[in-house]
Structures are given as C-alpha cells and as structure tokens.
Amino acid sequence: MPLHVEGYAKGGTKVDVSFDGHSDHLHSIWDTDMSHKINGIKHRQKHNAEKPASQKWAEHLLQQNKHRPTTAECTDVTNPHRCIKLWADESNRLNCAVVFKRGIPYITNEDLAGEYYDDAAPIIEEQIYKAGVRLAAWINALAEERRSRTGFVVQGDRLDL
C-alpha cells in the first residue's frame, strides 16, 4: 500500500481521519478499512470474515485480470534492492497522485468513505493484484535460482498463477 513508503506523519498513522462515520488514522483506512469496504466486510469485523473474503477477492482479481500478463517487472533475486526501489517509487507516486491529492485539509475534514474511497478503491485493487503477481514471480525466481545453484527441484517446479 502506498503509505508503507511515506514519511509524512509516520506513514499517515498520525493523520486522524473519518471513514464511514468512525475515527481512525489514514494508514489504517488504506491498510484495512477500504479493503474491507471493497469486500463487504463491516468496520472492525476482522479475522473470521477476512479469509473467505480474501479468497473471493483473489479469484475476482484473477478473473478481472485474466488477459494481463502475470509476469512481474522485476524478479532479480541477485539484486533485490533494485526491485524494492522500483516498487517503492511506484508507491511514492501513488501517495502524490491519490493518497494526498486532495490535500491534508480535505483528508482531515471529510468522511473518506465517499469520493475519496471511490478514487482509492481501483488503486487498492491494482496494488493487491500486483502484490500477488510480484510475490508469485519472486518465489518462482528464488526457486529457479536455487535449482540452478544446487540442482534442487521444487515439487511441481514452479508456482504458477
């Protein structure tokens, strides 16, 4: 999520906001509340409802993106900092383009479950999809690197989406 690379107000944890009528901090609504709203999970209804919702969401994202390539843009396990930098730069751009686009006065004075959420939801879905693709590609690259180094073959040889 974008705020994981943001330095302002400790990644948004010091920015008090309102979301769907309750008070929280900006980082929390990006990490939890908006994802829950996308998936129909009530505020603060956690853990038990998250597992089936997450599975359903993953299936939805795969179906929605079935015509996109499932290759990650960076899988260089010998130079992980390069990949991390690419992903952090992307997140930082999202902070400017989406998270803080309307400015701090708007963010701190409006309920963010309306238009702000409408702008954020597609970004969240895109980032969750990319995270899954990146994780699968990274695991595949690690397995391939280990296989080429040791001759060890992972059962099934690859983790495919």
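Under a 4.0 Å N-O distance rule, the pair Glu115/Arg102 qualifies as a salt bridge. For the pair Glu125 and Lys37, the salt-bridge criterion is not met [side-chain N within less than 4.0 Å of a carboxylate O]. Between Glu59 and Lys56, none of the side-chain N atoms (NZ, or NE/NH1/NH2) sits under 4.0 Å from a carboxylate O, so this pair counts as no salt bridge.
Judged purely by atom type and a 3.5 angstrom limit, Ser148 uses its side chain to pair as donor or acceptor with the backbone of Glu145. At least one donor-acceptor pair under 3.5 Å links the side chain of Asn109 to the backbone N or O of Pro105. Of the possible donor and acceptor atoms, none in the side chain of Ser28 sits under 3.5 Å from a partner among the backbone N and O of Asp24. The main-chain N or O of Ala113 is never found under 3.5 Å from a side-chain atom of Asp20 such that the two would form a donor-acceptor pair.
For the atom pair Asn140 CG and Thr75 OG1, the distance stands at 9.0 Å (nearest 0.5 Å).
The residue from Lys10, Glu6, His4 that alone fulfils the side-chain hydrogen bond (donor to acceptor under 3.5 Å, both in side chains) condition with His27 is His4.
Remark: aromatic rings of Phe100 and Tyr8 are close, center separation under 6.0 Å.
For the pair Val15/His25, no side-chain contact is recorded, criterion being any heavy-atom separation below 4.5 Å from C-beta on. Residues Ile38 and Tyr117 form a side-chain contact, since some pair of their non-hydrogen atoms from C-beta on lies under 4.5 Å apart. Inter-residue side-chain proximity for Cys74 and Arg82 is flagged as met; some heavy-atom pair is nearer than 4.5 Å. Here the side chains of Ile123 and Val99 are not in contact, with every heavy-atom distance at 4.5 Å or above. In this structure the side chain of Trp138 never reaches within 4.5 angstrom of the side chain of Asp76, judged on heavy atoms. Side-chain contact check for Leu26 versus Leu112: some heavy-atom pair is nearer than 4.5 Å.
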